[in-house]
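All values reported here derive from a predicted model rather than from experimental measurement.
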Amino acid sequence: MPLVLHWGGPRHGEVDDLRAEMLTSSVLVYDGPRWFGVYQRYEPVQVRDTPEGPAEVWVVRE
């Protein structure tokens with residue numbers, strides 16, 4: 001499963017292990033219950049090293 005690093009918004013700095021089919025769009029929509037937010041793939045694509053492994057950067061969309 002791909003790792004995503006969130007930049008900005010309610011999940012800033014958190015890394016998630018997501019199913020590949022969740023990344024077929026350039027937008028991730030989280031609808032609770034813990035938080036709400038919309039993130040988009042950072043262009044050009046960036047990968048950062050995290051304690052969990054290399055993760056693609058996704059930024060909050062405002």
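Cluster membership for Leu18 and Val60, using ILVMFWY side-chain heavy atoms within less than 4.5 angstrom, is shared. Under the 4.5 Å side-chain heavy-atom criterion for ILVMFWY residues, a single connected hydrophobic cluster contains both Val59 and Leu3.
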Can you list, pair by pair, the side-chain donor-acceptor contacts under 3.5 Å of residues 21-29, counting residues two or more places apart and other chains?
from: Glu21; atom 1: OE2; to: Arg19; atom 2: NE; distance (Å): 2.9
from: Thr24; atom 1: OG1; to: Glu21; atom 2: O; distance (Å): 3.1
from: Ser25; atom 1: OG; to: Val27; atom 2: N; distance (Å): 3.1

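Formation of a donor-acceptor pair under 3.5 Å by the Tyr39 side chain with backbone atoms of Arg11 is found in this model. Under a 3.5 Å cut-off, the side chain of His6 and the backbone N or O of His12 do not form any donor-acceptor pair.
How far CD of Glu56 is from CD of Gln46: 10.0 Å, rounded to the nearest 0.5 Å.
Val45 forms part of no hydrophobic cluster, judged by ILVMFWY side-chain heavy-atom separations under 4.5 Å.
The shortest heavy-atom contact between Gly13 and Leu5 is O-CD1, 3.7 Å. In this structure, Arg48 and Trp7 approach most closely via the heavy-atom pair NH1-CZ3, 3.9 Å.
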